[in-house]
Chemist: 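Here's a structure for you.
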There are 2 protein chains.
Amino acid sequence: MSPRRHFAQVHVVDDERLGQEARAQSTDHSAVRLWLRLLSCSTQVEQVIRARLRERFGITLPRFDYLAQLERHPDGLRLNTLTRNLMVTGGNVTLLTEQLVADGWVERATDPADRRSTIVSLTSWGRREFLRMAAEHEQWLVALFCGFDDVHRDALYEHLGRLRAHLAPRGPSTSSRQERAS
Amino acid sequence: MSPRRHFAQVHVVDDERLGQEARAQSTDHSAVRLWLRLLSCSTQVEQVIRARLRERFGITLPRFDYLAQLERHPDGLRLNTLTRNLMVTGGNVTLLTEQLVADGWVERATDPADRRSTIVSLTSWGRREFLRMAAEHEQWLVALFCGFDDVHRDALYEHLGRLRAHLAPRGPSTSSRQERAS
DNA sequence: CCCGGTTACTTGAAGTTTGAAGTAACGGGT
DNA sequence: ACCCGTTACTTCAAACTTCAAGTAACCGGG
């Protein structure tokens, strides 16, 4: 199927401790390898953050993400916007909203300009608690990347930005123009 | 709606079509921004692949990943190894295995050397079908990254490798040496 | 005004994933 | 041979997620 190898001096170590990347083999093409490596890195960080959020605060990652989104928007967000930002389905946001409202993190209001829309925002208690968690959350990430050379980190950030710009233009369902600066 | 702008030379477009990255802001530290960008890229690719697998083959991403893992190991894999490679919980692998066995993709055998262990492998039908899907799957990725400059792609791949190497050493629960060539 | 298309959200069923607790098997030390 | 700690897997409840179908509200023409 894939008649190639010859491209790695670093032979893949087999399965132990390699995670999803172990799926990549010399016969795979670079596109697949890039995707698997991307997924692998992302999953590893995610697992750590998820576990810590649960241990330290008894909160789940989806809820934290939801709250993080709201924290940046003191005036609240429409559920629709939240759905897009979190990159999940509408039904998911509906359920998360119910739960977060029930637990006192978030409050709902109807958009006066469009009665279809619901606007959610943090309660003052929710904001206070979230900021407390967020501060620690950030330190976890700093610690995770600590020792990862700054130059490489910045370069990685930059390259991910390019990839993001390359991927984003697909499915411009709403308004908003894409600038393509570089 | 968003009473703030002015913080980067590349101004963030607001919320529209920005996904998870919209969470990053000028006040966030670089560690958080890197994580969010990584997650954003990963999620975007994942959504596309997931949707196509469902449309074209009526299969889910977790099942495809499971099969991909097995395809590379004609002699089969222990569930434990699979759990580590897929980076999911054991319970999840147990359930996936049940389903894939029930649907004829996979067959189970008890490891003669360790009666606790189950070894799973593709059925011949499963292998044939998987290879058919995998060929198309690879083309989707090629197409996704098509137009993304080769130099940037290779650089990104390289930097992700560094990040991966930086993250991996946490929790070396099993054997297996890490080579660290470069 | 009203009709038809679109958008915003909700509902419900099916599926995935996790974390914690439980069972069984291994293996080294005594 | 018997413990004891570890490992492999299973089970189960709870949480998350998706998809598809449904309801309600908007909006632009006729």
Side-chain angles (χ1 to χ4, degrees), chain A residues 15-16 20 43 46-67 76-103 108-120 173-175, chain B residues 15-16 20 43 46-55 58-66 76-103 106 108-120 171-175:
Chain A
D15 288 0
E16 310 299 322
Q20 283 161 330
T43 303
E46 187 179 316
Q47 304 281 18
V48 172
I49 298 301
R50 180 194 307 278
R52 300 235 175 123
L53 282 176
R54 181 176 44 78
E55 291 161 12
R56 286 283 297 141
F57 305 122
I59 201 175
T60 62
L61 185 54
R63 294 185 192 197
F64 184 85
D65 285 347
Y66 185 118
L67 297 175
L77 278 179
R78 286 166 50 224
L79 291 190
N80 188 24
T81 307
L82 210 40
T83 296
R84 253 181 296 112
N85 289 359
L86 295 174
M87 297 200 271
V88 294
T89 57
N92 192 355
V93 169
T94 295
L95 183 61
L96 284 172
T97 300
E98 280 175 20
Q99 297 168 334
L100 290 173
V101 167
D103 292 349
R108 307 176 53 133
T110 301
D111 185 345
D114 184 343
R115 270 184 301 164
R116 292 172 303 176
S117 292
T118 299
I119 294 179
V120 286
S173 55
T174 64
S175 54
Chain B
D15 288 0
E16 309 299 322
Q20 283 160 330
T43 303
E46 188 179 317
Q47 304 280 18
V48 172
I49 298 301
R50 179 193 307 277
R52 300 236 175 123
L53 283 175
R54 182 175 45 79
E55 291 162 13
I59 200 175
T60 62
L61 184 55
R63 295 186 192 197
F64 184 85
D65 285 347
Y66 185 117
L77 278 178
R78 286 167 52 226
L79 291 191
N80 187 24
T81 307
L82 211 40
T83 297
R84 253 181 298 111
N85 289 359
L86 295 174
M87 299 202 269
V88 294
T89 57
N92 193 356
V93 170
T94 295
L95 184 62
L96 283 171
T97 300
E98 281 174 20
Q99 297 168 334
L100 290 172
V101 167
D103 292 348
V106 162
R108 307 176 52 134
T110 301
D111 186 346
D114 185 344
R115 271 184 301 163
R116 292 172 302 176
S117 291
T118 299
I119 294 180
V120 287
S173 54
T174 64
S175 56

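Each chain gets a letter, A, B and so on, in the order the sequences are listed, and its residues count up from 1.
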Chemist: Give one of base, sugar-phosphate or nothing for A:Ser117, where a contact means two heavy atoms less than 4.0 Å apart.
Modeler: sugar-phosphate
Chemist: For A:Ala109, what residues pass the side chain to side chain contact (heavy atoms under 4.5 Å, CB included) criterion, not counting sequence neighbours?
Modeler: none
Chemist: So, OP1 or OP2 of D:dA14: does either fall under 4.0 Å of a side-chain N or O from A:Gln99?
Modeler: no
Chemist: Starting from P on C:dA25, measure out to CG on B:Leu79 and report it in whole angstrom.
Modeler: 16 Å
Chemist: Can you identify which nucleotide, out of C:dC9, D:dT17, D:dA15, has its nearest atom closest to the A:Pro62 side chain?
Modeler: D:dT17
Chemist: Which sits closer to the 5' end of DNA chain D, B:Asp114 or A:Ala113, going by the nucleotide each is nearest to?
Modeler: B:Asp114
Chemist: What is the separation between atom CD1 on A:Ile59 and atom C1' on C:dG19, rounded to the nearest whole Å?
Modeler: 17 Å
Chemist: CD/B:Glu46 to OG1/A:Thr43 distance, rounded to the nearest 0.5 angstrom?
Modeler: 7.5 Å
Chemist: Any protein N or O atoms within reach of nucleotides 2-5 of chain C? Criterion: under 3.5 Å, listing atom names and distances.
Modeler:
none

Chemist: What integer distance in Å separates A:Arg84:CZ from C:dA8:C1'?
Modeler: 11 Å
Chemist: Tell me every residue that passes side chain to side chain contact (heavy atoms under 4.5 Å, CB included) with B:Val106, counting only those two or more places apart in sequence or in another chain.
Modeler: B:Tyr66, B:Leu67, B:Leu70, B:Leu100, B:Val101, B:Val120, B:Leu122
Chemist: I need the CG-P distance between B:Leu61 and D:dT17, as an integer number of Å.
Modeler: 15 Å
Chemist: Does a nitrogen or oxygen in the side chain of A:Arg115 sit under 4.0 Å from OP1 or OP2 of C:dA8?
Modeler: no
Chemist: Measure the distance from CZ on B:Arg116 to P on C:dC26 and round it to the nearest whole Å.
Modeler: 7 Å
Chemist: How long is the gap from OG1 on B:Thr89 to CD on A:Gln47, to the nearest 0.5 Å?
Modeler: 9.0 Å
Chemist: When rounded to the nearest 0.5 angstrom, what is the spacing between CZ in A:Arg54 and OG1 in A:Thr60?
Modeler: 11.0 Å
Chemist: Once you round it to whole Å, what is the distance between C1' of C:dC26 and CG of B:Asn80?
Modeler: 13 Å
Chemist: May I ask you to verify if any side-chain N or O of A:Thr118 is less than 4.0 angstrom from the OP1 or OP2 atom of C:dA8?
Modeler: no
Chemist: Which part of the nucleic acid does B:Glu98 contact within heavy-atom distance under 4.0 Å: base, sugar-phosphate only, or nothing?
Modeler: sugar-phosphate
Chemist: Sequence neighbours excluded, which residues qualify as side chain to side chain contact (heavy atoms under 4.5 Å, CB included) partners of B:Asp111?
Modeler: B:Arg78, B:Ala113, B:Asp114, B:Ser117, B:Ile119
Chemist: Quickly work out the A:Leu96 CG to D:dT17 C1' distance and round it to whole Å.
Modeler: 9 Å
Chemist: Identify, with sequence neighbours excluded, every residue that meets side chain to side chain contact (heavy atoms under 4.5 Å, CB included) alongside A:Glu98.
Modeler: A:Thr94, A:Leu95
Chemist: Rounded to the nearest 0.5 Å, how far apart are CG of B:Leu96 and CG of B:Leu82?
Modeler: 8.5 Å
Chemist: Shorter than 3.5 Å, N or O on both sides, protein versus nucleotides 18-21 of chain D: list them out with atom names.
Modeler:
residue : atom : partner : partner atom : Å
D:dT18  : OP2  : A:Thr89 : N            : 2.8
D:dT18  : OP2  : A:Thr89 : OG1          : 3.0
D:dC19  : OP1  : B:Arg54 : NE           : 3.3
D:dC19  : OP1  : B:Arg54 : NH2          : 3.1

Chemist: Can you work out whether B:Thr94 or A:Leu95 has the more 5'-proximal nearest nucleotide on DNA chain D?
Modeler: B:Thr94
Chemist: Under 4.0 angstrom, heavy atoms only, what part of the nucleic acid is B:Thr83 near: base, sugar-phosphate, or nothing?
Modeler: nothing
Chemist: Between D:dA25 atom P and A:Arg78 atom CZ, what is the distance in whole Å?
Modeler: 16 Å
Chemist: Can you measure from CD (A:Gln99) to CZ (A:Arg63) and round to the nearest 0.5 angstrom?
Modeler: 4.0 Å
Chemist: Rounded at 0.5 Å granularity, tell me how far OG1 in A:Thr118 sits from CG in A:Leu77.
Modeler: 12.5 Å
